[in-house]
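To keep things clear, I will list the structure first and then write my remarks on it.
Atom set for the values below is all heavy atoms of this structure, side chains included, hydrogens, waters and symmetry mates excluded. Both ligands and their constituent atoms are indexed starting at 1 by order of listing.
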Amino acid sequence: MSIISRRTFNKKITQGLAGTALLAGMPLACGMNTSNQDKKLGIALVGLGSYSTGQLAPGLVNAEHCYLAGIVTGTPAKEQQWMRQYNIPEANIYNYENFDEIAKNDAIDIVYVVLPNSMHAKFCIRAAKAGKHVICEKPMAVSVAECDAIIDACDKAGVKLSVGYRMQSDPYTNEIKRFVKEKTYGDVHYVSSDAAYISRGNPNQWRLNHALSGGGALMNMGVYSIQSNIYGVGANPISVSAQEFTTRPDYFKDTDETITAQMKFPNGATGNMFTSHNANANRLFVSFERGWAELNPCHNYGPLAGRTSDGKEIKFEHKSQQMMQMDDFAKHIKAGSTNFAPGEMGKRDMIIVEAIYQSIKEGGKTVPLDLGTMGIVTS
Ligand code: NAD
């Protein structure tokens, strides 16, 4: 091992090659082309709940620019299972207590925080302090102040930050953005977006516990509606007013059940959003001067579907949104390509979330917003 250091060697063997060839007893010098693998960035998932298990880890299996290099879990029983399933070396397994030691691990380039919302800020800041690039799940945090703290920690550490907004890497979303940008059907006059599902699960789940979630439907699904209203117009709202509805107070004791909000945009367009833990709705409708475009479903893992007023179907090959999202962020780190979901976007959405809660508290009053182009990604 005279030419490459042990650390570099360790990093290379953990980058997928180890998972397949080495563990199967194949020697390194077997003629396999490792150059593509070498370029992949190692991601460590923090929190192995349903999203990491069902979407992120499977999405990483076919990713081109990153791979699942490590895990951080508070449940020891998951360690062996994940090591086996994803060929993760023991050196890349952490728990919430020893997590900061990840700083010494060159195999991990990116830490992806997939914990309950109120834990995002703490773990993102720890990851940044460990010198790792950060992906923070949505909603970015439970307050604007926490978003600022995450952004600040990443800036100070000189690491990149992205929010887990998978829709920003999705071709259906990008087709709507293209219609808006190119004015295919003229200017946008009205946008309407729904993001909701009926929650009937365990009433003690963290999503219904304000201390862990920071809020109910608005924090969970509402951020999708906020996002699609904004890319459906191509601008940030200049004001918002909102209403809250509760029909199952025994179940939604601690968090909001249903919220509707109206937005005003700088070009005069109006926006409606609906989010709920007590209805199934998943749609974006954009009304232009000379027609309309609709995605329905719009915010789920796909396949999505869309159509336009002139009878065209919006259709793309179905790919894992999570794979595309993580690949986009890895390319941003490696090659400086666009960060489609920067921290500023997550903070902007939290400013709107706080304005919506403020409006509800003040009886539906219109709350002005001064966001300029904050969080608008154009390329
Ligand atoms: P989950 O309940 O399935 O998993 C939560 C994980 O956090 C578990 O591994 C659990 O053990 C761990 N955890 C640590 N401390 C905990 C505590 N005090 N209480 C509860 N769990 C604790 O949740 P999930 O659906 O995987 O969601 C995790 C995050 O991912 C949330 O922020 C959520 O908004 C986000 N998410 C995003 C998407 C998306 O499409 N981008 C989809 C689902 C979830």
Quick one: which ligand 1 atoms are inside 4.0 Å of a heavy atom on G164? 41 (N)
Identify the protein heavy atom lying closest to atom 18 (N) of ligand 1, giving its residue, its atom name and the separation to 0.1 Å. L212 CD2, 3.9 Å
Protein residue, atom and distance nearest to atom 4 (O) of ligand 1, heavy-atom basis: G49 CA, 3.2 Å
Which residue and atom name correspond to the protein heavy atom nearest atom 29 (C) of ligand 1, and how close is it? L115 O, 3.4 Å
For K129, give me all partners under side-chain contact (heavy atoms from CB on, under 4.5 Å), at least two apart in sequence or on another chain. I125
Closer than 3.5 angstrom, by distance alone: can the side chain of S213 be matched with the main-chain N or O of N209 as a donor-acceptor pair? yes
Please report whether ligand 1 has a polar contact with V114, defined as an N or O pair separated by less than 3.5 Å (distance criterion only). no
Just wondering, more than 12 heavy atoms not from N202 lying within 6.0 Å of its CG? yes
Ignoring hydrogens, just give me the one of Y301, Y224, Y96, F123 whose non-hydrogen atom is nearest atom 39 (C) of ligand 1. Y224
Go through the steps for K183 and D187 under the test salt bridge (charged side-chain N to carboxylate O under 4.0 Å, His left out), then give the verdict. CA-CA 6 Å; K183 295 188 188 287; D187 287 329; 2.5 Å; yes
Looking at CG of L304 and CZ of F316, how far apart are the two atoms once the value is rounded to the nearest 0.5 Å? 10.5 Å
Can you tell me which residue and heavy atom of the protein come closest to atom 26 (O) of ligand 1, and the distance to 0.1 Å? Y51 N, 3.0 Å
Running the 4.5 Å side-chain criterion over Ile, Leu, Val, Met, Phe, Trp and Tyr, what cluster does L212 land in, apart from itself? W206
Does the side chain of V114 come within less than 4.5 Å of L56's, by heavy atoms? yes
To the nearest 0.1 Å, how far is atom 41 (N) of ligand 1 from its closest protein heavy atom, and which atom is that? E137 OE1, 3.0 Å
Just to confirm, does any protein heavy atom lie below 4.0 Å from atom 10 (C) of ligand 1? no
Mind checking whether Y197 and H277 have parallel, tilted or perpendicular rings, split at 30° and 60°? tilted
Can we say R248 and E257 salt-bridge, meaning some charged N sits less than 4.0 Å from an Asp/Glu carboxylate O? no
From the candidates M119, Q55, K78, R166, the one that places a heavy atom nearest atom 16 (C) of ligand 1: M119
Report the relative orientation of the aromatic rings in F123 and Y96; use parallel for angles under 30°, tilted for 30 to 60°, perpendicular for over 60°. perpendicular
Is P116 in polar range of ligand 1, meaning some N or O pair under 3.5 Å apart? no
Give yes or no for whether the N/O distance cutoff of 3.5 Å, strictly under, is met between W206 and ligand 1. yes
Which residue owns the protein heavy atom closest to atom 34 (O) of ligand 1, what's the atom, and how far is it? K138 O, 2.7 Å
The option among M219, Q205, R207, M140 carrying the non-hydrogen atom nearest to atom 27 (O) of ligand 1 is R207
Taking atom 3 (O) of ligand 1 as the reference point, the nearest protein heavy atom with its distance: S50 N, 2.8 Å
